[in-house]
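We name chains A, B, ... by the order of the sequence lines, and we start the count at 1 in each one.
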Amino acid sequence: MTATFQTLGQGWAGDFGPYLFILLAGFLATDIWRWLGVLIGNRLHDDSELLNWVKAVATALIAGVIGKLILFPTGALAAAPVVLRLAAAVLGWAAFMAARKNVLVGVVAAELVLIIGWLVLPG
Amino acid sequence: MSAQQGDEPQISPLVWFARGTLGITSAPALILMVTFIGFGVLCRESGLTLGQAVFMTAFIWALPSQVVLVGSIASGASLLVTWIAVALSAVRLTPMVAAWVPMVRQPDTPRWRLLALSHFVAITAWVWSFLKLPTLPRSARIPYFAGFAVILSICNIAVTAISFLLAGALPVQAAAALFLLTPIYFLTALSAAARIPAERYALAIGLVLGPLLHWLDIGLDLLWAGLGGGTLAWLAGRITRREP
């Protein structure tokens, strides 16, 4: 439990220690939730109120991820000004709606706003 | 949900599987592959080996959780601490899979098949499922999903490897543009896939609650955004439905 990526399995797992670490802390820590989802989903009936609630929770969770990726990004996107990130998201979504919910139009519009805005804005 | 069972009884599951693999050329698949370029680069910068990077994509298949794992490894955290961090980042998979199962299953679908296929449920395949599968006959949904999911996983394993090997000097603007693809794609695809009012409310509420709770630094922000925001949206959906 206190072993790290570098030390797990030292002495008996050899070079496979890090892979064992990924299996336990990566594979198991994610797929256990998927298996639980199958067990729960198998008891849900189509179009039941409970299923509607589960869908709403799943959607809100992903929306939360989206909001965080835009407002509190990690990596290179963090270098873009927050106003520009917000403008790209809002205008991209507006273009998507205007184009009768065409996803590609929305994505391209948002990218154009980000890139052109970045090149034009001072600083 | 207009498609009826037995619409095209002559089409074999293998054909549906093959049709599903063609989804690799769709916008969501291409966007995810571009997004995975960032993961290969991150692994290289974090001191992992090529084999470890590829292994993560194959066995975890949830990009946010993979990023958390790499971050935790880079910080030298213990197995237990890392497990908790990754598990917390992946809780969202439970409601996602739970909502996905009633759409793909048939009365005679064996549970092991759902358990095995559930590994491929991540945000992209989930959103794609809700866009594509409701229009297909029920018997086609599992093979069609499997075709798409398996080819998507294989291609992103390749992208992880290639981007790891080629990780070099991308201009910061280009890298940022790559990173922006994911949230914008999820936002628009989720808007297009929302079929009931509660889902639209959940989308709007989650967009605000996710960053807000993160900013308030209360911990487990996404979990609360999902449970709280989802419940609120579900209630709002019930209220608005009752009124004419």
Side-chain angles (χ1 to χ4, degrees), chain A residues 1-5 8 18-19 21-22 24-27 29-31 33-38 40-42 44 46 51-64 66-73 75-77 79-80 88-89 92-93 96 101 103-104 106-107 110-111 114-115 118, chain B residues 27 52 55-56 59-60 62 65 69 73 76 78-80 82-83 86-87 90-99 101-102 114-115 118-119 121 123 172-173 175-177 179-180 183-189 192 198-199 202-203 205-207 209-211 214 222 225-227 229-230 233-234:
Chain A
M1 286 300 177
T2 55
T4 66
F5 189 66
L8 183 73
Y19 289 92
F21 191 98
I22 294 170
L24 292 172
F27 169 70
T30 48
D31 268 23
W33 299 112
R34 291 180 167 117
W35 300 331
L36 183 65
V38 170
I40 294 173
N42 250 336
L44 293 177
D46 275 351
L51 178 60
N52 285 342
W53 178 76
V54 170
K55 275 187 196 167
V57 169
T59 303
L61 263 165
I62 300 172
I66 296 169
K68 278 177 70 176
L69 284 173
I70 294 169
L71 284 177
F72 302 102
L77 191 54
W93 189 78
F96 154 81
K101 301 201 172 181
V103 171
L104 204 58
V107 170
E111 289 291 339
L114 181 79
I115 295 168
W118 211 339
Chain B
Q52 290 158 2
F55 193 73
M56 279 186 196
F59 279 89
I60 302 173
S65 300
L69 177 61
I73 287 172
S78 72
L79 180 61
L80 182 65
T82 305
W83 194 94
V86 173
V91 180
R92 68 195 153 73
L93 292 169
T94 296
M96 286 167 64
V97 171
V101 165
L114 290 172
L115 287 171
S118 75
H119 172 71
V121 177
I123 299 181
V172 66
Q173 279 92 343
F179 278 106
L180 182 71
I184 299 303
Y185 166 68
F186 286 158
L187 176 66
T188 50
E199 286 176 288
L203 183 59
I205 296 171
L207 277 174
L209 268 190
H214 173 80
L222 281 180
L227 281 176
W234 174 75

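Heavy-atom distances place both the backbone and the side chain of B/L207 under 4.5 Å from chain A. Heavy-atom distances place the backbone of A/A3, and not its side chain, under 4.5 Å from chain B. Only the side chain of B/L69 comes within contact range of chain A, with at least one heavy atom under 4.5 Å from a heavy atom of that chain. The contact between A/F72 and chain B is made entirely by side chain atoms (from C-beta outward), counting heavy-atom distances below 4.5 Å. Both the backbone and the side chain of A/L24 come within less than 4.5 Å of a heavy atom of chain B. Heavy-atom distances place both the backbone and the side chain of A/Y19 under 4.5 Å from chain B. Contacts of A/L8 with chain B are made by side-chain atoms alone, with heavy-atom separations under 4.5 Å and no backbone atom involved. Contacts between A/D31 and chain B at a heavy-atom distance below 4.5 Å involve the side chain alone, from C-beta outward.
Of the listed residues (B/T94, B/L80, B/L209), the one with the most heavy-atom contacts under 4.5 Å to chain A is B/T94. Chosen from B/A99, B/P211, B/A189, the residue pairing most often with chain A at heavy-atom distances under 4.5 Å is B/P211. Chain A forms more heavy-atom pairs under 4.5 Å with one residue of B/L203, B/I184, B/L227 than with any other, namely B/I184. Ranked by heavy-atom pairs under 4.5 Å with chain A, the first of B/S65, B/A98, B/G76 is B/A98. Contacts with chain B were tallied for A/I40, A/I115, A/N52; A/N52 has the most, counting heavy-atom pairs under 4.5 Å. Listed options A/A79, A/P73, A/P18, A/A63 were ranked by heavy-atom pairs under 4.5 angstrom with chain B; first place goes to A/A63. Your options are B/P183, B/A225, B/A27, and the one with the most heavy-atom pairs under 4.5 Å with chain A is B/P183. Put simply, of A/V107, A/T2, A/I66, A/L51, the one with the most heavy-atom pairs under 4.5 Å next to chain B is A/I66.
In this structure the side chain of A/V103 reaches within 4.5 angstrom of the side chain of A/F96, judged on heavy atoms. Using a 4.5 Å heavy-atom threshold, the side chains of B/T82 and A/F5 count as separate. Counting heavy atoms from C-beta outward, B/F55 and B/I60 have side chains that stay 4.5 Å or more apart. By the 4.5 Å heavy-atom criterion applied to side chains, A/T30 and B/L93 are counted as neighbours.
Taking CD1 of A/I62 as the start and CE of B/M96 as the end, the distance is 4.0 Å to the nearest 0.5 Å.
Smallest separation of non-hydrogen atoms from B/I73 and A/F21: CG1-CE2, 3.8 Å. Of all non-hydrogen atoms in B/S118 and B/V97, the two that sit nearest each other are CB-CG1, 4.1 Å. Across all non-hydrogen atoms, the minimal contact from B/T188 to A/G106 is CG2-CA, 4.4 Å. Closest approach of B/F186 to B/I123, counting heavy atoms only: CE2-CG2, 3.3 Å. Closest non-hydrogen pair, A/A89 versus A/I70, comes out as CB-CD1, 3.7 Å.
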